[in-house]
Amino acid sequence: MTNTIKGRLEDIRERIIQAEQHYRRTPGSVTLIAISKTRPATDVAQAAQAKQQHFGENYLQDALPKVTALANMNICWHFTGPVQSNKTTQIAQHFSWVHTIDRIKTAQRLNKQRPPQLPPLNICLQYNVSGESSKSGCSLSQLETLAAAINAMPNLKLRGLMALPAQSSDEAQQRSAFAAVAAAQQQLINSGYALDTLSMGMSADFEAAIAAGSTMVRVGTAIFGTRAIRN
Ligand SMILES: *Cc1c(COP(=O)(O)O)cnc(C)c1O
């Protein structure tokens, strides 16, 4: 592994291309989101200069200075952390995607607060596929209710599901969790929802996620190095 952001980005892109080929996915069907939470704006700028367009942030206070400082770069911002109610106004203003919706109330606030001059905010429902009580995300039975509610909100666009399965170093286990997310998405598609996004896979397991149909992998450490501060 090289030790520049640009070099590591190139490595990850190459691994994504290899995985697309290996698992017979359409070339270019997997988008790389660089998870830049806790990283300085200079790191994000370096990645953007190396043609990285999509970035994910988990903490609004940490993200806003970067969004402002890099406003003249061609960056699409994704919110990938838990959404607190008192943060929805700024999330609705500054982000193009929110990956972590698991409650109608949060969706309603974002729908109301999305500035009318902006296109609809892209939404993924967070599915707690491993059923861990410590994690956010909704259950399989809640997904359809949430999807129906969001479909009726004009300023939100429902795109698909996001998941953070229980960590495992066993590839078969990783793949079965990701396959369960893909199955839940297929169930919603069968019910008539037009979904095109599966946001799953991180530094340690993105190839397994691509095997199961991921269309957005969220990679932090493998691009920016080990995080010094909280997760
Ligand atoms: C931190 C984080 C990632 C990236 O994790 P890495 O292991 O650093 O690649 C992806 N998705 C979410 C939701 C995260 O919080």
Side-chain angles (χ1 to χ4, degrees), residues 1-16 19 30-40 43-44 46-47 50 52-63 66 75-84 87 91 95-103 106 121-130 132 134-138 159-171 173-175 177-178 181-182 185 197-231:
M1 222 155 87
T2 61
N3 51 23
T4 63
I5 288 172
K6 183 169 188 276
R8 287 188 296 243
L9 261 175
E10 281 162 5
D11 288 347
I12 300 292
R13 286 181 188 136
E14 184 54 34
R15 284 171 60 190
I16 290 173
V30 179
T31 298
L32 172 60
I33 305 180
I35 301 293
S36 49
K37 60 184 179 194
T38 78
R39 313 292 176 170
D43 281 12
V44 179
Q46 270 185 51
Q52 177 60 31
Q53 192 189 357
H54 295 270
F55 290 86
E57 290 281 342
N58 280 34
Y59 313 105
L60 184 75
Q61 292 330 324
D62 170 41
K66 296 181 239 184
I75 290 179
C76 177
W77 292 104
H78 297 246
F79 197 83
T80 52
V83 180
Q84 295 168 270
K87 302 287 184 342
I91 292 172
F95 287 79
S96 298
W97 287 74
V98 178
H99 290 239
T100 44
I101 294 302
D102 60 2
R103 292 188 312 163
T106 318
L121 183 61
N122 294 295
I123 299 291
C124 292
L125 305 181
Q126 184 172 352
Y127 174 31
N128 186 357
V129 61
S130 307
E132 294 169 284
S134 62
K135 277 201 187 136
S136 336
C138 55
R159 299 294 296 269
L161 301 185
M162 177 275 206
L164 273 166
Q167 274 180 4
S168 164
S169 53
D170 176 42
E171 203 190 326
Q173 229 162 56
Q174 292 171 358
R175 281 173 74 164
F178 290 134
V181 183
Q185 189 197 40
T197 302
L198 267 179
S199 165
M200 57 189 196
M202 314 199 287
S203 293
D205 58 11
F206 70 85
E207 278 132 336
I210 291 172
S214 173
T215 68
M216 282 187 166
V217 292
R218 308 179 310 266
V219 178
T221 316
I223 297 171
F224 297 108
T226 310
R227 278 181 295 276
I229 6 180
R230 59 183 181 161
N231 197 26

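Indexing begins at 1, ligand by ligand and atom by atom, following the structure's order. A quick note: this is a predicted structure, and the numbers were derived from the prediction, not measured. Numbering of residues begins at 1 and proceeds along the displayed sequence.
Proximity to Thr80 (heavy-atom distance under 4.0 Å) selects the following atoms of ligand 1: 13 (C). Atom numbering of ligand 1 starts at 1 in the shown order; those under 4.0 Å from a heavy atom of Met162 are 13 (C). Listed by number with element, the atoms of ligand 1 under 4.0 Å from a non-hydrogen atom of Arg218 are 4 (C), 9 (O), 10 (C), 11 (N), 12 (C), 13 (C). Those atoms of ligand 1 with a heavy atom of Gly220 less than 4.0 angstrom away are 4 (C), 6 (P), 8 (O), 9 (O). The atoms of ligand 1 that sit less than 4.0 Å from any heavy atom of Thr221 are 6 (P), 7 (O), 8 (O), 9 (O). Near Val219, meaning under 4.0 Å from any of its heavy atoms, are these atoms of ligand 1: 9 (O).
Within the 4.0 Å heavy-atom shell around ligand 1 one does not find His99.
Of all non-hydrogen atoms in Gly160 and Gln185, the two that sit nearest each other are CA-NE2, 4.1 Å.
Checking only distances, Ile35 never comes within under 3.5 Å of ligand 1, N or O to N or O.
Only side-chain heavy atoms of Asn58 come within less than 4.0 Å of ligand 1; its backbone N, CA, C and O stay farther off.
Remark: Lys135 NZ is packed, more than 12 non-hydrogen atoms of other residues, nucleotides or ligands lying under 6.0 Å away.
Among residues two or more places apart in sequence or in another chain, the ring pair (Phe, Tyr, Trp, His ring centres under 6.0 Å) test is passed with Phe206 by none.
Ser36 places a side-chain heavy atom less than 4.5 Å from the side chain of Trp77. Met202 has its side chain within reach of Leu164: a pair of non-hydrogen atoms, C-beta onward, lies under 4.5 Å apart.
Within the structure, the side chain to side chain donor-acceptor pair (under 3.5 Å) test picks out the following pairs touching residues 159-170 (sequence neighbours left out): Asn122-Arg159, Arg159-Asp196, Ser168-Gln173.
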